[in-house]
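Have a look at the structure below, then the notes.
In this text, all values refer to a predicted model and were calculated from it rather than measured experimentally. Here is the naming used below: chain letters follow the sequence lines, and residue numbers restart at 1 for every chain.
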Amino acid sequence: MSTGSRPFRLRNTLTGRVEPFSPARPREVRMYTCGLTVYARGHIGNFRTFVAQDVLRRFLRFKGYRVVQAMNFTDVDDKTIRGANEAGLPLRQYTDRFIGQFFDDADALGIERAEHNPRATDPRYIKAMAALVERLLEKGIAYRADGSVYFRVAAFPAYGRLSGAGASDRIAGARVDSDEYDKEHAHDFALWKAAKPDEPSWPASFGRGRPGWHLECSAMGLELLGSDFDLHCGGVDLVFPHHENEIAQSEAATGKPFVRHWFHCEHLLVEGRKMSKSLGNQFTVRDLLDEGFSAAAMRHLLAGVHYRQQLNFTRAGLRQAQVAIGRVNAFLARSDRAGGGAEAGDGTAEDAEVAGALDRFEAALDDDLNTSRALAEVFFALKQGNRALHQQGAAGGTGAAPWAAAIRRMNEVIGSFELGKETSDRAVGGERDEQEAPSGLAPELLSRIEERAEARRRRDFARADAIRDELAQEGILLEDGPRGTTWRRP
RNA sequence: GGCGGCGUAGCCAAGUGGCCAAGGCGGAGGUCUGCAAAACCUCUAUUCGGCGGUUCGAAUCCGCCCGCCGCCUCCA
């Protein structure tokens, strides 16, 4: 763990400034992230945000914090209800499917699992939400109308602090909510929606119904993390009204600060255009996997652009990422094969260089998660490591190992290297590693490689090249080095 | 209409007053190699959308203009 004369500075939407991040408890961070509304498979835009949050989470752990994260699933709202009804399925069965798909995609992208994945319809949270509404009713901040319960925005003077002072202006200028309910003011929002015949509903002391959208995050956040927790994350679109409303209802109910630091991730563009259904550019991770792109490339592209910057997600970018990742992975594999103690640490000048790179890496992330700059250090380490490997040559030194270890340390945050089965880089025909070779390459192909090695020994290069070309057809790239031939799938 | 962001080499993308404007991809040349591939080395923006201004000094601050985008309404 590194120490901290240099604080981790992170932009806080609440203040609009990049400021030192200071959790309420010394070595623990309690974070909440607004997860997916599970009426469809999450698209690449959703995952941009989730990857950014994952980088944040991993960096906190990198710095030695214990992280307790809750990421919810919104499994009851207009869209999930409509989807379930159209599919003729019970709500839970309908949403289960998308939750499963979410985890498939998140796992592929190397997104660490949160400690808690609450879903709104869990009885525990329905109960917590009802309790929250009761408190607001008792305090006279919420009111009932037509079977529903609303939050009286006028009763919470701090309203608008997150999204920028003039919340009343925004509201005045905005289109009036088309809700047919009887609200006192257009900008009051529903805490609890009165039951309807074709909608799921739950009993409550203030009437049967279902939770309003904003309520669940407040209830689950408070339930799992307590008041005044450290981080609340989401996409920029959630700043208003969702997060603004969460603050209002939570703080009005508890009388305590809700969240210390708000983290919002910018949206992405796909091929230079806003992602939208009509443009047909709402890709899912699955779609891109099916096109042949690796999840690692997706993560690399998503993680490599600063989170507050609009990111242009393109196939060309994915291809670039793929190449860059391949270079790093190939180095790591080569370094492992070359051997050498990974722990070095005998105070050489080179150790200081490695430590310097790691420190610059951390410094970049300390500066509002500047992943682009951090990545530059990964590539610096790559260059140094490759250089060491180059010089090692036949001499067989251990200079590359510390750089490989440094890259792996950095990858604890970046996460896009050695993700999935990217590396099948193995030595064949050399004097070493024979035993660990084959997983992934058919014996038939291995014997072809042997055959080619034999041909090369005979200096029958026509034969050798023919075999190399054939294997290339199969997607196997052969590389001849001083220690024998290695293969990989590019 | 209100609020906000962005525009840096062929592409992606850091940099917010002062060393030669990070890094990646791509491209050119070289070393190595039977040839390749990989790796390494060198080169690849006298210039930061445009025009003015402030300053000893600006990609970085100010003004205007052009272009792209977001939020204000379900949305990561």
Worksheet item: Under 4.0 Å between a side-chain N/O of A:Ser163 and OP1 or OP2 of B:rC71, yes or no?
Response: no
Worksheet entry | Stems formed with participation of RNA chain B [Watson-Crick or G-U wobble, under 3.5 Å, three or more pairs] | B:1-7 with B:66-72, B:10-12 with B:23-25, B:26-31 with B:39-44, B:49-53 with B:61-65
Which pairs of donor and acceptor atoms, one on a side chain in residues 34-46 of chain A, lie under 3.5 Å apart (sequence neighbours left out)?
| from | atom 1 | to | atom 2 | distance (Å) |
| --- | --- | --- | --- | --- |
| A:Arg41 | NE | A:Asp105 | OD2 | 2.9 |
| A:Arg41 | NH2 | A:Asp105 | OD1 | 2.8 |
| A:His43 | ND1 | A:Gly45 | N | 3.1 |
| A:His43 | ND1 | A:Asn46 | N | 3.1 |
| A:His43 | ND1 | A:Asn46 | OD1 | 3.3 |
| A:His43 | NE2 | A:Asn46 | OD1 | 3.3 |
| A:Asn46 | OD1 | A:His43 | N | 2.8 |

Discussion item. My understanding is that only residues two or more places apart in sequence, or in another chain, count here; which of them pass ring pair (Phe, Tyr, Trp, His ring centres under 6.0 Å) with A:Tyr307?
Written reply: A:Phe263
Item to complete: Tell me, please, which residues at least two apart from A:Arg82 pass side-chain contact (heavy atoms from CB on, under 4.5 Å).
Response: A:Lys79, A:Glu86
Practice prompt. Encode nucleotides 30-41 of chain B as B, S and - characters from 5' to 3', where the letter depends on protein heavy atoms closer than 4.0 Å: B to the base, S only to sugar-phosphate, - to neither.
Written response: ----BBBBSBSS
Worksheet item: What pairs with A:Phe59 under ring pair (Phe, Tyr, Trp, His ring centres under 6.0 Å), at least two apart in sequence or on another chain?
Response: A:Phe8, A:Phe62
Worksheet item: Which residues satisfy the ring pair (Phe, Tyr, Trp, His ring centres under 6.0 Å) test with A:Phe98, sequence neighbours excluded?
Response: A:Tyr94
Practice prompt. Using heavy atoms and a sub-4.0 Å distance, could you list which residues of residues 98-114 of chain A are near RNA chain B? By number, please.
Written response: none
Item to complete: Report the residues that fulfil ring pair (Phe, Tyr, Trp, His ring centres under 6.0 Å) with A:His214, sequence neighbours left out, ordered by chain and then residue number.
Response: A:Phe189, A:His242
Strictly under 3.5 Å: I want the nitrogen or oxygen pairs between protein and nucleotides 66-68 of chain B, one per line.
none

Worksheet entry | Nearest-neighbour nucleotide for the A:Met275 side chain, B:rA76, B:rC69, B:rC72 considered | B:rA76
Fill in: Pairing residues for A:Asp367 by the side-chain contact (heavy atoms from CB on, under 4.5 Å) criterion, not counting sequence neighbours
A:Arg373
What pairs of nitrogen or oxygen atoms, one from the protein and one from nucleotides 15-18 of chain B, lie under 3.5 Å apart?
| from | atom 1 | to | atom 2 | distance (Å) |
| --- | --- | --- | --- | --- |
| B:rG15 | OP1 | A:Asn370 | ND2 | 3.0 |

